[in-house]
Trainee: 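I am attaching a structure below and will ask some questions about it afterwards.
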Amino acid sequence: MSQVLSFHVLLSAETHRPSSSSSKSLKLEQRTKTSISTPRKGNFNPSRKTQKLNTEVSTYRGGQFNPARKTQKLNLEISPHRAVSAVRLMRIEMGGAFADLLNEKGKGSGENEMGYVERTLGFRTRDLEDRDLRLVTEIVGGTIRWKRYLDHLISSICRDANTFSRMEPLLLQILRIGFYEIVKLNMPPYAVVDENVRLAKIALRHGAGNMVNGILRKLVLLKESNSLPLPKVEGDDRTQARALATLYSHPVWMIRRWTKHLGQEEAIRLMAWNNSDPSFSLRANSGKGISRADLVTKLNLLEVPHELSLHLNDFVRMKKGLQIVIQAGLLKEGLCSVQDESAGLVVSVVDPQQGESIIDCCAAPGGKTLYMASLLSGQGMVYAIDINEGRLRILKETAKLHQVDGVVTTIHADMRSYADNNTMKCDKVLLDAPCSGLGVLSKRADLRWNRRLEDMEELKNLQDELLDAASQLVKPGGVLVYSTCSIDPEENEERIAAFLLRHPYFCIDPADKYVPSEFITEHGFYSSNPVKHSLDGAFAARLSRAL
């Protein structure tokens, strides 16, 4: 059950899978699914030698125990946080593992962590301590966020474009780590150089270490002379967008899109927010009788700094200390969930009332399902529909842990075919639609690199199809709530406008009765702005069906 909680509860943070409703959308899901992937085969240089090794440990091949295995050595010269960071970055970039995927111990793959290191690098280091773990979290998340910026610096210092483009993956990750530590973390530069040179020599070969040494030392000189080779924001719109894409490490298409909708100044503020350390919120599990005061008491005992949510009675905010909360077992015991306030406010727009029947159309991973269920106080029902049977199983188990399983019914189905083939009508229907996730880029560091402009058109078509289907499940006089974790008007306001043209028997029910006025748009929708509200970006429209 603890492993279950790691996937579902810890960093659900209401980050959306691109789709859980159709085969078409599953193509998008391949780029965003939360699954741990085993690194690709092999050590990167089979002929390399290991240096200064001691304490024999077992070697595995391809993740399988090999009775005829050779013995490897435990290398105590390599900093474990650098070895683990390099391997995690390899898995994220090449194997699809998410940067925010942690287990209840906060150690990625838990006991398998050093197994991944061994299979990838050919040796183990000492186990991660808490300080190492904090560094891994910082370095992996930061290196992913700043990848475009770091790669620009690396390629500029290499000078020869072919050197950078042909660089082997592990070597590139080691350089990215070194550049991030020197430029963004301001670590002692020559210690960083020595450590990363040693990692390259032992994990790859002597020549790779020499290359890392030369490139990192050049970086140190450029930084100390305040002459890093960075572009200036000048020229036409396209040239400025390319410069901003490097300086703030975002895809060019995102910057052009945000500049169009928000203006350049606001787009820069948004990118700065996306690059900042994410904050998290905890929701006290009222379904299990845990009040926010109870949760605050536990956080005080753990000496975790926090503040009360200004908008939601069950929520507290925290900038750091999440690993302490995880290790103390608060999530494992079902006392609270990690859930952003922006997602909690979507539930406020739904406004679940005791005795109501509610459908959550694309329910997994289930953060909003569980919150709505807790508000029913044992009276009513939330029907959680999702195409992913495995995630529904996790949702069902978590509902039991949270003691709200009596008001949660899971339904494994494609929501569109379900709507066509069933006559059930409910008081309220929530369509928490698959979306780009452009509102949660501060937490989902990898998502900016996994999204493509082409995805936006596919997602809009899917959102329209799901809205049409969801409308069939609303009883006369009932309510349909459409929500996303996107800040893009084409996924939000424009989808509602198009829906209302197709379904004139629905009308906008202004959300100002359910959430604070600072979140209400001119059309009566709920919208959280990362820069303005210091929350994830989210959107919700409440639509009433005529009697």
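As the structure is a computational prediction, the values presented were derived from the model and not from experiment.
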Trainee: Dump the intermediate steps for side-chain contact (heavy atoms from CB on, under 4.5 Å) on T125 and L76, then the final yes or no.
Mentor: CA-CA 6 Å; T125 68; L76 299 178; over 6 Å; no
Trainee: Check whether any side-chain N or O of R88 sits under 3.5 Å from a backbone N or O of V136 as a donor-acceptor pair, and report yes or no.
Mentor: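 No, because the side chain of R88 does not come within donor-acceptor range (under 3.5 Å) of the backbone of V136.
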Trainee: For the pair T484 (side chain) and S486 (backbone), establish whether a donor and an acceptor sit closer than 3.5 Å, ignoring hydrogens and angles.
Mentor: yes
Trainee: Checking R166 against F164: charged group under 6.0 Å from the ring centre and within 45 degrees of the axis?
Mentor: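 No; the conditions do not both hold, so R166 does not lie above the ring face of F164.
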Trainee: Does any N or O in the side chain of S276 come within less than 3.5 Å of the main-chain N or O of W273, such that one atom is a donor and the other an acceptor?
Mentor: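 Checked: pair present.
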Trainee: When you look at CG of D237, are more than 12 heavy atoms from neighbouring residues, nucleotides or ligands closer to it than 6.0 Å?
Mentor: no
Trainee: For side-chain contact (heavy atoms from CB on, under 4.5 Å), just list the numbers for R124 and N75, CA-CA rounded to whole Å, side-chain angles, deciding distance to a tenth of an Å, and then say yes or no.
Mentor: CA-CA 6 Å; R124 289 177 174 242; N75 191 304; over 6 Å; no
Trainee: Does E266 have any salt bridge (Lys or Arg N to Asp or Glu O under 4.0 Å) partners at least two apart in sequence or in another chain, and if so, which?
Mentor: R269
Trainee: Would you call K368 and D432 a salt bridge, using N to O less than 4.0 angstrom?
Mentor: yes
Trainee: Kindly determine whether L230 and Y149 satisfy side-chain contact (heavy atoms from CB on, under 4.5 Å), including the steps that lead there.
Mentor: CA-CA 9 Å; L230 296 172; Y149 174 92; 3.6 Å; yes
Trainee: Under the side-chain hydrogen bond (donor to acceptor under 3.5 Å, both in side chains) criterion, do K201 and N196 qualify, and how do the steps go?
Mentor: CA-CA 9 Å; K201 284 183 177 180; N196 284 286; over 6 Å; no
Trainee: Could you state the interatomic distance from CG (L219) to OG (S156), rounded to the nearest 0.5 Å?
Mentor: 11.0 Å
Trainee: If you define the side chain from C-beta out and look only at heavy atoms, does anything of Q323 sit under 4.5 Å from D130?
Mentor: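 Side-chain contact under 4.5 Å: no.
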Trainee: Which heavy atom of G437 sits nearest a heavy atom of L447, and at what distance?
Mentor: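 Looking at all heavy atoms of both residues, the closest pair is O-CD2, 3.6 Å.
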Trainee: Could you check whether E307 pairs with K319 (Lys NZ or Arg NE/NH1/NH2 to Asp/Glu carboxylate O, under 4.0 Å)?
Mentor: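 The answer is no: the pair does not qualify as a salt bridge.
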Trainee: Under the salt bridge (charged side-chain N to carboxylate O under 4.0 Å, His left out) rule, what do R292 and D294 come out as? Steps first, then yes or no, please.
Mentor: CA-CA 5 Å; R292 180 166 70 178; D294 297 329; over 6 Å; no
Trainee: To the nearest 0.5 Å, what is the distance between CG on L204 and CG on L121?
Mentor: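 The distance works out to 8.0 Å.
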Trainee: Just by modelled atom types, is the I290 backbone N or O under 3.5 Å from a matching donor or acceptor in the N285 side chain?
Mentor: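 No.
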Trainee: Measure the CG-CZ distance between D132 and R82 for me, rounded to the nearest 0.5 Å.
Mentor: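 Here the rounded value is 10.5 Å.
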Trainee: Are any side-chain N or O atoms of S165 and backbone N or O atoms of N162, one a donor and one an acceptor, separated by less than 3.5 Å?
Mentor: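 Yes.
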Trainee: Applying side-chain contact (heavy atoms from CB on, under 4.5 Å), run through L335 and L295 and close with a yes or a no.
Mentor: CA-CA 8 Å; L335 305 181; L295 179 58; 5.8 Å; no
Trainee: Salt-bridge test for D455 and R452: reply yes if a basic N is under 4.0 Å from a carboxylate O, no otherwise.
Mentor: yes
Trainee: Are there more than 12 heavy atoms of other residues, nucleotides or ligands under 6.0 Å from atom NZ of K320?
Mentor: no
Trainee: Is there side-chain contact between S337 and L282, with at least one heavy-atom pair below 4.5 Å?
Mentor: no
Trainee: Minimum heavy-atom separation for Y180 and W146, please, with both atom names.
Mentor: CE1-CD1, 3.7 Å
Trainee: Is it true that E93 and R176 have a side-chain N and a carboxylate O under 4.0 angstrom from each other?
Mentor: yes
Trainee: Where the side chain of S528 meets the backbone of L535, is there a donor-acceptor pair that is under 3.5 Å apart?
Mentor: no
Trainee: Answer yes or no: is there an ion pair linking D536 with K443, defined by an N-O contact shorter than 4.0 Å?
Mentor: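 Yes.
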Trainee: Any side-chain to backbone donor/acceptor pair from R448 onto R145? Under 3.5 Å, distance only.
Mentor: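 Side chain of R448 to backbone of R145, a donor-acceptor pair under 3.5 Å: yes, one is there.
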Trainee: Should we count CD of E224 as having more than 12 external heavy atoms under 6.0 Å?
Mentor: yes
Trainee: Using atom types as modelled and distance alone, determine if a side-chain donor or acceptor of H306 lies under 3.5 Å from a backbone N or O of N300.
Mentor: no
Trainee: Could you tell me which non-hydrogen atom of I174 sits nearest to which non-hydrogen atom of A200, and how far apart they are?
Mentor: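 Answer, listing the atom of I174 first, then A200: CD1-CA, 3.8 Å.
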Trainee: Donor-acceptor check, side chain of Q339 to backbone of G367, threshold 3.5 angstrom: yes or no?
Mentor: yes
Trainee: With rounding to the nearest 0.5 angstrom, report the OG1 to CE distance, T120 to M90.
Mentor: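 Going from the OG1 atom of T120 to the CE atom of M90 covers 7.0 Å.
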Trainee: Between A538 and S342, which heavy-atom pair has the shortest distance, and what is it?
Mentor: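 Closest approach of A538 to S342: CB-CB, 3.9 Å.
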Trainee: Rounded to the nearest 0.5 Å, what's the gap from CD1 on I144 to CD1 on I92? Could you check?
Mentor: 3.5 Å
Trainee: Under a 3.5 Å threshold, yes or no: a donor from one side chain and an acceptor from the other, between E234 and T239?
Mentor: no
Trainee: Minimum heavy-atom separation for C362 to P434, with atom names?
Mentor: SG-CD, 4.2 Å
Trainee: Looking at L170 and A203, what are the two nearest heavy atoms and their distance?
Mentor: CD2-CB, 4.0 Å
Trainee: How long is the gap from NE2 on H250 to CE on M254, to the nearest 0.5 Å?
Mentor: 7.0 Å
Trainee: Do R256 and K260 make a side-chain contact, defined as non-hydrogen atoms from C-beta onward lying under 4.5 Å apart?
Mentor: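 The answer is no; the side chains never approach within 4.5 Å.
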Trainee: Quick one about Q264 and T259 (side-chain donor to acceptor, distance below 3.5 Å, no hydrogens or angles considered), yes or no?
Mentor: no
Trainee: Taking the side chain as every heavy atom from C-beta outward, state whether T398 and H402 have any atom pair closer than 4.5 Å.
Mentor: yes
Trainee: Taking the ring centre of each residue, are Y371 and F315 less than 6.0 Å apart?
Mentor: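 Yes, the ring centres sit under 6.0 Å apart.
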Trainee: Kindly indicate whether the side chain of D314, heavy atoms from C-beta on, has any atom under 4.5 Å from the side chain of L312.
Mentor: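 A side-chain contact under 4.5 Å is absent here.
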Trainee: Check whether any side-chain heavy atom of R148 sits under 4.5 Å from a side-chain heavy atom of W449, and report yes or no.
Mentor: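 Sidechains of W449 and R148: in contact.
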Trainee: I need the single residue from R283, R317, H533 that forms a side-chain hydrogen bond (donor to acceptor under 3.5 Å, both in side chains) with E341. Which is it?
Mentor: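 Answer after filtering R283, R317, H533: R317.
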Trainee: Just wondering, more than 12 heavy atoms not from K184 lying within 6.0 Å of its NZ?
Mentor: yes
Trainee: Counting only heavy atoms not in R126, do more than 12 sit closer than 6.0 Å to its CZ atom?
Mentor: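 Count over threshold, so yes.
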Trainee: Between L401 and E333, is any pair of side-chain heavy atoms under 4.5 Å apart?
Mentor: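 No, side chains not in contact.
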Trainee: Does atom CD of E454 have more than 12 heavy-atom neighbours, drawn from other residues, nucleotides or ligands, at distances under 6.0 Å?
Mentor: yes
Trainee: Has the side chain of S225 got a donor or acceptor atom that lies under 3.5 Å from a matching backbone atom of L222?
Mentor: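 Yes; at least one donor-acceptor contact below 3.5 Å.
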Trainee: Are any non-hydrogen side-chain atoms of R91 and V87 less than 4.5 angstrom apart?
Mentor: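 Counting from C-beta outward, R91 and V87 do come under 4.5 Å.
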